[in-house]
Amino acid sequence: MAISLIFPAFGEKIADKDLKFYDFYKNIFDEYSYLHSPHTAGEILHDELKAQEFAYTYSIIASRIIKPKVNVSYYAGYSMGIYAAICSAGSIDENTGLSLIRKAYELITGLTGNADFAMATILGLEEKDITTLLKPHKNSTIINTTNKYSFVISGTEDEIDKIVAGAIEEGAGNSRKLFAKSPYHTPHIKEAEDIFIDYIKSSVQIKNPDHPIISTVDRRIITDKDDVINELGLNLVRSINWQKTFEKLLENGTDKFVECGPGKSLTKIAKFIDGNYEILSIDKFI
């Protein structure tokens with residue numbers, strides 16, 4: 001049996017399992033004085049940077065509690081979940097992860113200025129349908145494939161509004177804009193890749209991971225610190241594919257996943273990914 005810890009990005013909702021997990025381990029959560037209780041975190045989840053910080057910290061606490069109870073084989077982080085993944089793998093310490101999240105956000109907001117960007121999720125259409133919808137819109141792109149009927153797109157806000165409306169007309173009923181706006185994983189911030197990598201090399205201590213991390217960019221197996229640095233740069237500006245990442249973990253023998261973080265987005269996504277496996281929620285560890 002192989003177990004993989006998977007880490008979500010920041011989201012918009014707190015699940016019941018998070019409240020249960022938090023209440024049981026409140027003494028550990030209380031060690032993080034700046035972390036709001038999920039019972040009162042609603043306002044945080046509509047501030048992009050604070051939402052990232054909250055999800056990251058919640059995820060690493062979950063990992064800290066869960067790791068001694070399982071034999072980890074692999075790690076993978078969905079989008080901004082990469083920071084919790086590499087922290088859980090021992091490549092960086094907890095405070096370094098927070099500093100990287102803040103630096104990445106600072107870079108992106110500096111590059112995009114006052115431009116209006118948006119993200120949206122398109123559910124219920126296939127990739128070829130979305131590609132057709134995107135054709136007239138040169139500033140928008142698919143940034144993540146989560147399963148064969150679920151995609152995340154990013155681009156200028158006016159284009160995203162039109163694409164979402166077109167998707168709904170095509171039958172993608174639950175498609176909607178996300179509260180996140182910054183154009184992560186897009187060519188709009190391509191300059192950030194080298195800048196971010198140079199910053200990490202000059203300012204951050206990175207260690208080899210204790211177990212392999214699977215890249216969401218190209219599914220390579222990351223086992224050393226230099227590749228961790230490279231992945232942090234790639235993950236910031238390149239499109240990702242969570243479906244293929246998940247399938248790579250299955251191919252490598254994973255039959256049990258633990259979603260380490262708030263919400264239940266990765267568990268929902270997995271319902272449409274074929275395979276013989278189980279996903280455990282963090283509340284199973286109380």
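All values reported here derive from a predicted model rather than from experimental measurement.
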Trainee: Got a donor-acceptor contact below 3.5 angstrom from the T132 side chain to the K128 backbone?
Mentor: yes
Trainee: Is a side-chain N or O of E159 found less than 3.5 angstrom from the main chain of S140, in a donor-acceptor match?
Mentor: yes
Trainee: State, without any angle test, whether Y75 and D210 hold a side-chain donor-acceptor pair at a distance under 3.5 Å.
Mentor: yes
Trainee: Please evaluate residues E193 and R238 with respect to the criterion salt bridge (charged side-chain N to carboxylate O under 4.0 Å, His left out), reporting the C-alpha separation (whole Å), side-chain torsions for both, the decisive distance (0.1 Å), and the verdict.
Mentor: CA-CA 9 Å; E193 182 177 324; R238 308 289 180 93; 2.9 Å; yes
Trainee: With a 3.5 Å cut-off and no angle check, do the side chains of E231 and S215 form a donor-acceptor pair?
Mentor: yes
Trainee: Before you tell me yes or no, could you show the steps for I3 and T254 under side chain to side chain contact (heavy atoms under 4.5 Å, CB included), namely the whole-Å CA-CA distance, both residues' side-chain angles and the distance that decides it to 0.1 Å?
Mentor: CA-CA 6 Å; I3 297 176; T254 299; over 6 Å; no
Trainee: Is it true that atom NZ of K69 has more than 12 heavy atoms of other residues, nucleotides or ligands lying nearer than 6.0 Å?
Mentor: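 Yes, the 6.0 Å shell around NZ holds more than 12 heavy atoms from other groups.
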Trainee: Where the side chain of N241 meets the backbone of T216, is there a donor-acceptor pair that is under 3.5 Å apart?
Mentor: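 No, because the side chain of N241 does not come within donor-acceptor range (under 3.5 Å) of the backbone of T216.
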Trainee: Mind checking what makes side chain to side chain contact (heavy atoms under 4.5 Å, CB included) contact with P212, not counting sequence neighbours?
Mentor: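 For P212 the side chain to side chain contact (heavy atoms under 4.5 Å, CB included) partners, ignoring immediate neighbours, are Y74, I221, T223.
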Trainee: Between K181 and E157, does any NZ, NE, NH1 or NH2 come within less than 4.0 Å of an OD or OE carboxylate oxygen?
Mentor: yes
Trainee: So which pairs with a foot in residues 194-209 pass side-chain hydrogen bond (donor to acceptor under 3.5 Å, both in side chains), sequence neighbours left out?
Mentor: none
Trainee: Does a side-chain N-to-carboxylate-O contact under 4.0 Å join K244 and D218?
Mentor: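 Salt bridge absent between K244 and D218.
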Trainee: Under 30°, 30 to 60°, or over 60°: which ring-plane class applies to Y58 and F29, parallel, tilted or perpendicular?
Mentor: tilted
Trainee: Give a yes or no on this: more than 12 heavy atoms of other residues, nucleotides or ligands lie within 6.0 Å of atom CZ of F272.
Mentor: no
Trainee: Would a distance-only check, ignoring hydrogens and angles, find a side-chain to backbone donor-acceptor pair under 3.5 Å from Y56 to M80?
Mentor: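 No, the answer is negative, given that no donor and acceptor are paired below the 3.5 Å cut-off.
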Trainee: With a 3.5 Å distance limit and no angle check, can you tell me whether T57 reaches the backbone of F54 through a side-chain donor-acceptor pair?
Mentor: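 No, T57 side chain to F54 backbone: no donor-acceptor pair under 3.5 Å.
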Trainee: Can you check whether N139's main-chain N or O pairs, donor with acceptor, with H188's side chain at less than 3.5 Å?
Mentor: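 Yes, because the side chain of H188 sits within donor-acceptor range (under 3.5 Å) of the backbone of N139.
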Trainee: Under a plain distance cut-off of 3.5 Å, with no hydrogens placed, do H185 and N235 share a side-chain donor-acceptor pair?
Mentor: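 Their side chains do not contain a donor-acceptor pair, so the 3.5 Å distance test is not met.
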Trainee: Kindly list each side-chain donor-acceptor pair under 3.5 angstrom involving residues 257-267, sequence neighbours excluded, with atom names and distances?
Mentor:
residue, atom, partner, partner atom, Å
E259, OE1, T267, N, 3.0
E259, OE1, T267, OG1, 2.6
E259, OE2, S265, N, 3.4
E259, OE2, L266, N, 3.1

Trainee: Pairing donors with acceptors under 3.5 angstrom, does anything connect the side chains of D283 and S281?
Mentor: yes
Trainee: Are side-chain N/O atoms of Q52 and Y83 paired as donor and acceptor at under 3.5 Å?
Mentor: no
Trainee: May I ask you to decide whether K284 forms a salt bridge with E278, counting only side-chain N to carboxylate O separations under 4.0 Å?
Mentor: no
Trainee: Under a 4.0 Å N-O cut-off, is there an ion pair linking E251 with K248?
Mentor: yes
